[in-house]
Student: 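My questions all concern the structure below.
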Amino acid sequence: MPEKQSASQTDPRRTGFTLRELEVLRALVETGKTTVAAQRLGLSQSAVSRALAELEAALGRQLFDRVGGRLVPNSDALAVNDELGPIFAALARIVDRSTAGSGSHTGALRIAAPPTIAHRFLPPIVARFTKANPQLEIVFEVLSSDVLVTNIAEDRHDIGLTDTAVTHDSVRSDLLVATEAICALPSRHPLAEREVIRPQDLEGQPFVALTRRHSGRTQIDRFFDRVGVRRHLVIETATAVSAAEFVREGLGVALLNPFPIVHQLGSGIVVRPFEPGIPHRTCFLSPASRPLSLAAADFMAMVRKSLT
């Protein structure tokens, strides 16, 4: 009996493609290697290569460039992969509903956040999400915002949360909350008697600043340069939490993003509105090279719900 031929061999003009071929495309976009994609899908390396060849034949164009032993997706591959996101998310939901009624995610979810958000906001949400998804491996890393952005761009994490301004082409940004800077003062500071703090009130005042690598610091420096007010910088620090502690110790005043620490400052500090407003945007970050996983989308939804 002659060997059964594949669809592409029997009809080189076929325009359809199989779900398996699309799964291979997604795995290759995310991994860049046929060996890793084969392991992920439980296939042989030759089966992965054959599926890719048949998909490229069906679409009539090459989808990957071979560079240094890796498969680098071209613009066509990325465009097709983007279109597949909602389809595979729907398939994942169908599978979830049929899995013994558990409704929980499997696989892995890699989350990253800078120290203030990681320590003062996310732990109870991550814990709740972990308990709701016992079969999901969750990795939670605390990183500086600049490293976080780089890692998201390079697809080392699935989701990040930061208030650093991001303009990286390889990073997708989704707004979580928009706020305006508050002025934090030692509780016995003379300015604590005012209802609103204005730029001129801080002329010559001892000031606690974030380090220069933080985008919020650049924004504040430009603001005071523009209005012609000179502060007396007494210390620079890396996080809003440490800045608040230095304010508590009486070193000076600080302008801070109220999210997420405004209700956690404790005694010894008072906060006042600062006008004109200096905006802050806290956003989810994710790799632009692929759609959000269903687990990442559900985690984002849980974070949003925690703010309502």
Side-chain angles (χ1 to χ4, degrees), residues 1-110 133 135-137 152-159 170 172 286-301:
M1 177 179 288
E3 182 181 354
K4 185 177 180 180
Q5 293 180 311
S6 68
S8 61
Q9 290 173 314
T10 57
D11 183 5
R13 297 170 300 171
R14 79 178 177 107
T15 57
F17 34 78
T18 67
L19 178 61
R20 175 61 78 191
E21 290 166 3
L22 299 179
E23 288 177 327
V24 166
L25 170 67
R26 285 175 65 79
L28 288 173
V29 167
E30 293 177 10
T31 67
K33 288 191 174 183
T34 55
T35 53
V36 180
Q39 291 174 353
R40 175 182 294 189
L41 297 173
L43 300 173
S44 66
Q45 186 175 350
S46 61
V48 168
S49 299
R50 184 167 57 252
L52 174 59
E54 292 182 348
L55 180 60
E56 289 180 326
L59 295 177
R61 55 189 184 273
Q62 182 176 319
L63 298 173
F64 292 82
D65 298 319
R66 281 69 178 174
V67 179
R70 291 184 62 86
L71 291 173
V72 179
N74 60 27
S75 58
D76 284 334
L78 294 176
V80 173
N81 191 59
D82 285 345
E83 295 291 338
L84 294 177
I87 297 171
F88 277 91
L91 291 173
R93 287 193 291 271
I94 294 172
V95 172
D96 282 345
R97 291 191 185 103
S98 64
T99 306
S102 67
S104 64
H105 299 290
T106 60
L109 180 64
R110 303 162 297 172
N133 297 276
Q135 297 182 21
L136 180 67
E137 177 188 353
I152 291 288
E154 296 177 355
D155 202 5
R156 297 178 187 173
H157 292 91
D158 301 300
I159 199 78
S170 298
R172 182 191 301 112
S286 57
S289 60
R290 59 181 174 86
L292 278 174
S293 68
L294 189 59
D298 282 355
F299 177 74
M300 288 173 58

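Quick note: numbers below take in every heavy atom, side chains included, and nothing from hydrogens, waters or symmetry partners.
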Student: May I have the step-by-step check of side chain to side chain contact (heavy atoms under 4.5 Å, CB included) for L43 and V24, ending in yes or no?
Tutor: CA-CA 10 Å; L43 300 173; V24 166; 4.2 Å; yes

Student: Are any non-hydrogen side-chain atoms of T18 and E54 less than 4.5 angstrom apart?
Tutor: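 The answer is no, as the side chains (C-beta and beyond) never meet within the 4.5 Å cut-off.
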
Student: Answer yes or no: does atom CD of E137 have more than 12 heavy-atom neighbours from other residues, nucleotides or ligands under 6.0 Å?
Tutor: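 12 or below, so no.
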
Student: Step by step, work out the side chain to side chain donor-acceptor pair (under 3.5 Å) result for Q45 and T34.
Tutor: CA-CA 6 Å; Q45 186 175 350; T34 55; 3.0 Å; yes

Student: Please determine whether the number of non-hydrogen atoms from other residues, nucleotides or ligands lying under 6.0 Å from atom CD of Q62 exceeds 12.
Tutor: yes

Student: Looking only at non-hydrogen atoms, find the nearest pair between P73 and V29 and report the distance.
Tutor: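 In this case the closest contact between P73 and V29 is CB-CG2, 4.2 Å.
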
Student: Is it true that a side-chain atom of Q135 and a backbone atom of T106 form a donor plus acceptor pair closer than 3.5 Å?
Tutor: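 It does not hold such a pair.
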
Student: Nearest heavy-atom pair of P287 and R172: which atoms, and what distance?
Tutor: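 Shortest heavy-atom separation between P287 and R172 comes out as O-NH1, 3.2 Å.
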
Student: Can you tell me how far the CZ atom of F64 sits from the CG atom of L52, to the nearest 0.5 Å?
Tutor: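 Here the interatomic distance stands at 6.0 Å.
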
Student: With rounding to the nearest 0.5 Å, note down the distance linking CD in Q39 to OG1 in T31.
Tutor: 9.5 Å

Student: Taking NZ, NE, NH1 and NH2 as the nitrogens, is one of them in E23 or R26 under 4.0 Å from a carboxylate oxygen of the other?
Tutor: no

Student: Go through the steps for I159 and L292 under the test side chain to side chain contact (heavy atoms under 4.5 Å, CB included), then give the verdict.
Tutor: CA-CA 8 Å; I159 199 78; L292 278 174; 4.0 Å; yes

Student: Quick one: closest heavy-atom pair of S289 and N81, and the distance?
Tutor: O-ND2, 3.8 Å

Student: Can you confirm whether L109 sits close enough to N133 that some side-chain heavy atom of one is under 4.5 Å from a side-chain heavy atom of the other?
Tutor: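 Counting from C-beta outward, L109 and N133 never come under 4.5 Å.
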
Student: Say you draw a straight line from CG of D65 to CG of L71; how long is it, rounded to the nearest 0.5 Å?
Tutor: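 Answer rounded to 0.5 Å: 9.0 Å.
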
Student: I'd like to know if the side chain of R110 and the backbone of D155 have a donor-acceptor N/O pair within less than 3.5 Å.
Tutor: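 Checking the backbone N and O of D155 against the side chain of R110, a donor-acceptor pair under 3.5 Å is found.
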
Student: Return the minimal non-hydrogen interatomic distance between L55 and E21, and the atom names on each side.
Tutor: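 Looking at all heavy atoms of both residues, the closest pair is CD2-O, 3.8 Å.
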
Student: Considering all heavy atoms of both residues, which atom of D76 and which atom of N74 are nearest to each other, and what is their separation?
Tutor: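 Result for this residue pair: N-OD1, 3.0 Å.
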
Student: For the pair R61 (side chain) and A77 (backbone), establish whether a donor and an acceptor sit closer than 3.5 Å, ignoring hydrogens and angles.
Tutor: no

Student: Please report the shortest heavy-atom distance between A27 and A37, naming the atom on each side.
Tutor: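 Closest approach of A27 to A37: CB-CB, 3.8 Å.
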
Student: Find out whether D158 and R290 are in side-chain contact, i.e. whether some heavy atom of one side chain is under 4.5 Å from a heavy atom of the other.
Tutor: yes

